[in-house]
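Below: the structure, in structure tokens.
Computed from a prediction, not measured in an experiment: that's the story for all the values here.
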Amino acid sequence: MTNYQTEIRIKVPLDVAETYWNATEEDRQKIAGKIAFYVQSSNLSRKESLEKLYKTMDTIGQKAQEKGLTLEILESLLNEDD
């Protein structure tokens, strides 16, 4: 799947714009990603949203296992006192 990108313009309060302008390029990319995710998510039906959530959760679980997370380690982490 090709991911084409383009620019859009949105109106925001001045303090929000100033925060964006003063952000690092990395932070600006993160902000753009969050905006894109929000816009995409707002257009999905409830069923599609749940399917996307489950797929994301499966991906996170798979990556955690690839990095060595086991059920025993997970249980240990969840049972730790704060």
**Message:** Could you measure the distance from the CD1 atom of I73 to the CG atom of L78? Nearest 0.5 Å is fine.
**Reply:** 12.0 Å

Table please: side-chain donor-acceptor pairs of residues 20-35 below 3.5 Å, with sequence neighbours left out.
| residue | atom | partner | partner atom | Å |
| --- | --- | --- | --- | --- |
| N22 | ND2 | E18 | O | 3.0 |
| T24 | OG1 | D27 | N | 3.1 |
| T24 | OG1 | D27 | OD2 | 3.4 |
| R28 | NE | Y20 | O | 3.1 |
| R28 | NH2 | W21 | O | 2.5 |

All N/O donor-acceptor pairs, side-chain side in residues 52-60, below 3.5 Å, sequence neighbours left out:
| residue | atom | partner | partner atom | Å |
| --- | --- | --- | --- | --- |
| T56 | OG1 | K52 | O | 2.9 |
| T59 | OG1 | K55 | O | 3.0 |

**Message:** Within the structure provided, determine whether L77 and E80 are in side-chain contact (heavy-atom separation under 4.5 Å).
**Reply:** yes

